[in-house]
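Below you will find the structure I want to go over with you.
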Amino acid sequence: MRTHTCGEIRSSDIGKEVILAGWARLVRDHGGILFIDLADRYGTSQVVFDPECYESKDVQGRIQTSIETVGREYVLKVKGVVRKRVEGTEDARNPTGEVEVLIAEIEILNTAEVPPFELIDQKETLLANEDVRMEYRYLDLRRSKMIANLTIRNRIASVVRGYLWERDFLEIETPILVRSTPEGARDFLVPSRHNPGMFYALPQSPQLYKQLLMIGSADKYFQLARCFRDEDARADRQPEFTQIDLEMSFVDEEDIISLVEGMIVEIWRSIRGVEPKHPFRRMSYHEAMETYGTDAPDLRYDLPIIDVTDICRDSEYSIFQAIIKSGGKVRCINAKQIFSTDPNVPEDQGKFGRNWIDRLIDWTKDQGAKGLTWMKVIGNKVESNIVKYFGEKVQERLVNAMEGEQGDLLLFVADSPNRSSELAGRLREKLAQEMELIQPDRDEFVWIVDFPLFDIPTPGSRPQAMHHPFTSPEEQTVEYLGGDVSKLRSRGYDIVLNGVELGGGSIRIHRPEVQRKVLNILGVSEREAEEKFGFLLRALKYGAPPHGGIAIGFDRLVAVLLGIDTIKEVMSFPKNKKFQSLTDGSPSYVDEKQLKELQLLSLASPEKED
RNA sequence: GCCCCGGUAGUGUAGUGGCCUAUCAUCCGGGCCUGUCGAGCCCGGGACCCGGGUUCAAAUCCCGACCGGGGCGCCA
């Protein structure tokens with residue numbers, strides 16, 4: 001039907017007769033001469049109706065008549081000769097901008113209703129809100145940015161596949177209708193018609209299947225796997241999403257880490273054209289939590305969190321005293337050079353004056369902090385409303401510990417050890433935004449390692465798997481399986497980029513007796529273990545090889561690579577906050593007949609009950 | 001479950017009690033215009049989410065639905 005796409009024609013095509021097809025994106029009618037930007041996925045070409053260039057009035061009239069009916073987003077087929085644009089009217093921003101096609105024949109392949117919002121890139125300031133865009137997602141996708149996002153997503157997928165295939169990985173599909181297991185997120189359930197009252201779950205990840213594949217000698221498996229989790233959405237969380245899921249046999253942590261690092265470097269090289277610095281940094285979970293207050297630290301800026309509990313113990317500040325006595329910690333961040341050191345500038349002036357501090361205190365309380373204490377550094381002393389409770393020595397020690405200089409602002413959060421760390425971490429992130437410390441063109445990768453095997457929220461409470469129940473404990477700590485389980489460390493690893501957890505994995509348990517013990521510690525009874533995980537425990541008995549792997553959030557990877565903070569922009573048909581698709585109106589009520597077949601009739605839609 | 005923000009022409013917005021018969025842009029319709037490319041110019045068209053309340057008076061204040069977004073919890 002066409003000889004070229006709309007993004008293809010160049011100066012080298014001048015003189016050729018071409019046929020283009022696409023959407024009429026922008027019509028510019030000058031009364032005589034008339035231009036149409038014809039657009040498709042590949043680009044935009046200018047086609048021109050130039051009344052002086054036709055042999056007969058007949059031909060000219062015929063073309064003019066059809067062109068006059070063309071509206072926005074009409075689907076056109078245009079035949080004509082490529083010609084050089086008039087000197088000085090080239091469009092350098094467009095790869096096709098040196099040439100245009102003189103319309104010799106035009107056919108309207110389809111008309112179009114006026115679109116409900118603007119599709120032209122330059123009009124993005126009037127871009128419709130997300131709900132309108134989702135209702136007409138097919139139109140939204142026509143915007144060059146959106147189709148470009150999906151194109152890059154495809155290229156990344158292609159790099160991933162190429163990289164892994166080159167290394168002997170097998171892409172293997174695992175079932176979508178799977179067994180519901182009690183761990184982890186809430187499952188989406190699918191009723192079974194043949195087995196009334198029974199349900200499948202949609203997989204939260206192919207975890208157990210890829211382990212079975214290792215036992216089945218697959219050796220190197222991967223899949224761009226669709227995963228489903230029925231937990232509340234966020235900007236970077238959707239009910240269904242895609243993971244680069246992979247698993248290898250006869251490997252240790254270093255094998256997986258170097259494989260994934262190589263893959264990421266190759267993705268960056270082929271999409272961005274630059275290699276990130278590697279090998280990536282490594283950081284223990286402990287250091288991440290202590291210094292950055294999160295297991296996914298953003299290392300594009302510094303702002304370390306420092307534990308000043310011991311110094312504050314010697315103050316008379318009763319708020320700190322009470323928290324320290326009950327086992328809590330005081331953590332401090334130094335906002336470097338935040339206020340003016342000029343004594344002539346009043347303290348309520350400038351962006352970071354008292355008003356700003358007050359708003360920051362409010363924000364911290366909104367985050368669940370009991371409060372926020374601040375001190376300005378003046379010389380080797382500090383200044384604020386509460387310094388009177390801090391003796392001169394204590395002040396000096398604080399300034400030293402925080403490397404305080406004139407113009408610095410010290411911010412203190414006091415709470416339980418975990419809570420104070422988490423709050424300080426959020427404060428650190430907030431400060432970086434407010435102080436504009438984040439360099440957007442920087443990428444800071446880091447592997448977080450040395451996780452505890454279990455999360456024990458408060459001493460004595462039931463341990464929970466930090467990663468998942470199939471993560472192997474570190475050999476040196478295995479002895480604690482029967483004792484102090486808080487001392488167990490895991491063979492897990494997370495890959496973090498700019499404060500975003502891209503993925504995580506581990507070396508798995510391949511010995512059935514270790515798996516049983518871990519399930520036992522998690523409070524899964526022998527009977528329950530047999531019932532829910534029996535198939536895995538049995539499989540482990542039949543010569544399971546040592547194995548491990550990782551899952552990387554594909555949507556997040558694509559988004560972060562494009563510098564976008566919501567994964568909806570890199571998915572074709574995402575769902576909204578309530579998990580509805582405004583595109584197709586799902587979920588929906590279904591016919592009584594369907595419910596009857598599934599023996600779910602009591603759940604019939606309210607509308608149909610009357 | 002909870003918190004925050006928002007809902008004004010098709011779209012994006014302005015509008016903190018009377019000056020609103022509601023701003024601007026885009027859009028749509030009509031006209032002019034022979035080198036534009038977010039074309040330009042002129043004329044015209046089109047809206048206060050719903051239900052209560054306060055008030056002499058509500059787009060504006062209050063309460064409650066409903067809808068959308070962000071976050072907390074949750075997400076092994």
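Basis for what follows: all heavy atoms, side chains included, without hydrogens, waters or symmetry-related copies. First the proteins, then the strands, lettered A, B, ... as listed; each starts at 1.
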- Message: Among residues at least two apart in sequence or on other chains, which ones pass side chain to side chain donor-acceptor pair (under 3.5 Å) with Gln580(A)?
- Response: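 With neighbours one apart ignored, the set is Asn576(A).
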- Item | Rounded distance in Å - CG (Asp29(A)) to P (rG35(B)) |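 It is 12 Å, rounded to the nearest whole Å.
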- Message: Of the listed nucleotides (rG70(B), rU34(B), rU36(B)), which one gets closest to any side-chain atom of Lys577(A)?
- Response: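 Output: rG70(B).
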- Message: Please enumerate all residues that pass salt bridge (Lys or Arg N to Asp or Glu O under 4.0 Å) together with Lys532(A), with sequence neighbours excluded.
- Response: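 For Lys532(A), no residue satisfies salt bridge (Lys or Arg N to Asp or Glu O under 4.0 Å) once neighbours in sequence are set aside.
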- Query: In whole angstrom, what separates Asp366(A)'s CG from rG73(B)'s C1'?
  - Reply: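 From Asp366(A) CG to rG73(B) C1': 15 Å.
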- Message: Please report the distance, rounded to the nearest Å, between CD in Gln46(A) and P in rU34(B).
- Response: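 About 17 Å, once rounded to whole Å.
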- Task: Quote, to the nearest angstrom, the C1' distance that separates rC66(B) from rA25(B).
- Result: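 Rounded to whole Å, the distance is 30 Å.
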- Message: Taking rG29(B) as the reference, what is the distance to rG71(B) when you measure between their P atoms (whole Å, please)?
- Response: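 So the two P atoms sit 39 Å from each other.
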- Item | Between rA22(B) and rU13(B) - C1' atom distance, rounded Å |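 Per the computed distance, 13 Å lies between those C1' atoms.
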- Using salt bridge (Lys or Arg N to Asp or Glu O under 4.0 Å) as the criterion, list what pairs up with Arg226(A), not counting sequence neighbours.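 Checked Arg226(A) against salt bridge (Lys or Arg N to Asp or Glu O under 4.0 Å); matches are Glu240(A).
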- Ranges pairing with ranges for RNA chain B, where each run has three or more Watson-Crick or G-U pairs under 3.5 Å: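 As far as RNA chain B goes, consecutive pairing (with distances under 3.5 Å) yields the stems B:1-7 with B:66-72, B:10-12 with B:24-26, B:27-32 with B:40-45, B:50-53 with B:61-64.
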- Item | Tyr200(A), OH: over 12 other non-hydrogen atoms inside 6.0 angstrom |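 Open.
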- Item | Selection: residues 232-246 of chain A, any non-hydrogen atom under 4.0 Å of RNA chain B |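 Contacting residues: Asp232(A), Arg234(A), Ala235(A), Arg237(A).
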- Message: Base of rG68(B), side chain of Lys578(A) - is there a donor-acceptor contact under 3.5 Å?
- Response: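 No.
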- Scan Lys365(A) against the nucleic acid and name what it touches under 4.0 Å (heavy atoms): base, sugar-phosphate only, or nothing.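 Nothing, no heavy atom under 4.0 Å.
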- Query: Of all the nucleotides listed (rC33(B), rC75(B), rG35(B)), which has the minimum atom distance to the side chain of Glu231(A)?
  - Reply: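 The nucleotide sitting nearest to the side chain is rC75(B).
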- Message: Expressed as a whole number of angstroms, how long is the span from Gln367(A):CD to rG70(B):P?
- Response: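 Rounded to whole Å, this separation is 16 Å.
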- Task: Rounded off to whole Å, could you give me the CD1-to-P distance for the Ile33(A) and rG40(B) pair?
- Result: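 After rounding, the gap between these two atoms is 17 Å.
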- Touch check for Arg83(A), heavy atoms < 4.0 angstrom, all strands: base, sugar-phosphate only, or nothing?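 Contact class for Arg83(A): base.
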- Query: Would you say a side-chain N or O of Gln580(A) is under 4.0 Å from OP1 or OP2 of rG68(B)?
  - Reply: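 For Gln580(A), the contact criterion (side-chain N or O under 4.0 Å from OP1 or OP2 of rG68(B)) is met.
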- Please name all residues satisfying side chain to side chain donor-acceptor pair (under 3.5 Å) with Ser586(A), sequence neighbours left out, ordered by chain then number.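 Ser586(A): side chain to side chain donor-acceptor pair (under 3.5 Å) contacts with Asp584(A).
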- Neighbour count above 12 (heavy atom, 6.0 Å) for Tyr136(A) OH: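 Atom OH in Tyr136(A) is not crowded, with 12 or fewer foreign heavy atoms closer than 6.0 Å.
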- Rounded off to whole Å, could you give me the CZ-to-P distance for the Phe228(A) and rC74(B) pair?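 Distance, rounded to whole Å: 24 Å.
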- Query: On a whole-Å scale, what distance lies between the P atoms belonging to rC4(B) and rC24(B)?
  - Reply: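 Per the computed distance, 35 Å lies between those P atoms.
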- Item | Nearest-angstrom distance, C1' atom, rG69(B) to rC27(B) |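 To the nearest whole Å, 25 Å.
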- Using the C1' atom as the reference point in each nucleotide, state the distance between rA9(B) and rG15(B) in Å, no decimals.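 To the nearest whole Å, 15 Å.
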- Would you sort out whether Gln60(A) and Lys57(A) count as a side chain to side chain contact (heavy atoms under 4.5 Å, CB included), showing the intermediate values? CA-CA 5 Å; Gln60(A) 183 197 325; Lys57(A) 281 275 170 204; 3.6 Å; yes
- Task: Please answer whether the main-chain N or O of Pro417(A) pairs with a side-chain N or O of Ser421(A) as donor and acceptor at a distance below 3.5 Å.
- Result: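 Not at all, since once roles are kept as given, no pair shorter than 3.5 Å links the two residues.
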- Item | Residue pairs, two or more places apart or on separate chains, that pass ring pair (Phe, Tyr, Trp, His ring centres under 6.0 Å) and touch residues 36-70 of chain A |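 Applying ring pair (Phe, Tyr, Trp, His ring centres under 6.0 Å) to every pair that reaches into residues 36-70 of chain A, excluding sequence neighbours, yields Phe49(A)-Tyr54(A).
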- Scan Asp230(A) against the nucleic acid and name what it touches under 4.0 Å (heavy atoms): base, sugar-phosphate only, or nothing.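 Counting heavy atoms under 4.0 Å across all strands, no contact is made by Asp230(A).
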- Message: On RNA chain B, compare the nucleotides closest to Glu52(A) and Ala185(A); which residue's is nearer the 5' end?
- Response: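 Closer to the 5' end of RNA chain B: Glu52(A).
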- Task: Give a yes or no on whether a donor-acceptor pair under 3.5 Å exists between the nucleobase atoms of rU34(B), that is its base, and the side chain of Arg28(A).
- Result: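 Check fails, no donor-acceptor contact within cut-off.
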- Message: If I take atom CD in residue Gln60(A) and atom P in nucleotide rU34(B), what distance separates them, rounded to the nearest angstrom?
- Response: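 After rounding, the gap between these two atoms is 13 Å.
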- Message: Please tell me if Lys84(A) has a side-chain N or O lying less than 4.0 Å from either OP1 or OP2 of rG35(B).
- Response: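 So the side-chain polar atoms of Lys84(A) never come under 4.0 Å of the phosphate oxygens OP1 or OP2 of rG35(B).
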- Rounded distance (Å) that lies between atom C1' of rG38(B) and atom CG of Asp91(A):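 My rounded result for the distance is 12 Å.
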- Message: Per the ring pair (Phe, Tyr, Trp, His ring centres under 6.0 Å) rule, what does the pair list look like for residues 492-533 of chain A, sequence neighbours excluded?
- Response: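 Qualifying pairs: Phe470(A)-Phe533(A).
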- Query: Which whole number of Å gives the distance between the P atom of rU11(B) and that of rU54(B)?
  - Reply: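 Here rU11(B) and rU54(B) have their P atoms 33 Å from each other.
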- Item | rU8(B) to rG51(B) separation - P atoms, rounded to the nearest Å |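 So the two P atoms sit 16 Å from each other.
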- Of Pro469(A) and Gly88(A), the one whose closest RNA chain B nucleotide lies more 5':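 The residue mapped nearer the 5' terminus is Gly88(A).
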- Message: Restricting to salt bridge (Lys or Arg N to Asp or Glu O under 4.0 Å), what partner residues turn up for Arg83(A), sequence neighbours left out?
- Response: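 Result, salt bridge (Lys or Arg N to Asp or Glu O under 4.0 Å) vs Arg83(A): Asp50(A), Glu100(A).
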- Message: Between Glu90(A) and Arg85(A), does any side-chain N to carboxylate O distance fall below 4.0 Å?
- Response: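 Salt bridge flag = no for Arg85(A) with Glu90(A).
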- Task: Could I get the full list of side chain to side chain donor-acceptor pair (under 3.5 Å) partners for Lys365(A), not counting sequence neighbours?
- Result: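 Here no residue qualifies.
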- Item | Sequence-aligned protein contact record of nucleotides 5-12 of chain B, with B where the base is within under 4.0 Å of a protein heavy atom and S where only the sugar-phosphate is | -----BSS
- Item | Candidate nucleotides rC37(B), rG69(B), rC27(B), ranked by approach to the side chain of Val114(A) - the nearest |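 Selected nucleotide (nearest to the side chain): rC27(B).
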- Query: Counting only distance, no hydrogens or angles, is the base of rG35(B) paired donor-acceptor with the side chain of Glu100(A) under 3.5 Å?
  - Reply: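 Indeed, a donor on one side and an acceptor on the other fall under 3.5 Å apart.
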- Item | Proximity to the side chain of Arg426(A) - top-ranked nucleotide from rG69(B), rG35(B), rC72(B) |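 Of rG69(B), rG35(B), rC72(B), rC72(B) is nearest to the side chain of Arg426(A).
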- Message: Could you work out, with salt bridge (Lys or Arg N to Asp or Glu O under 4.0 Å) as the rule, every residue matching Asp295(A), not counting sequence neighbours?
- Response: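 Testing Asp295(A) for salt bridge (Lys or Arg N to Asp or Glu O under 4.0 Å), a comparison that skips the adjacent residues, returns none.
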- Task: Pick base, sugar-phosphate or nothing for Ser506(A), based on heavy-atom distances below 4.0 Å to the nucleic acid.
- Result: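 Touches nothing.
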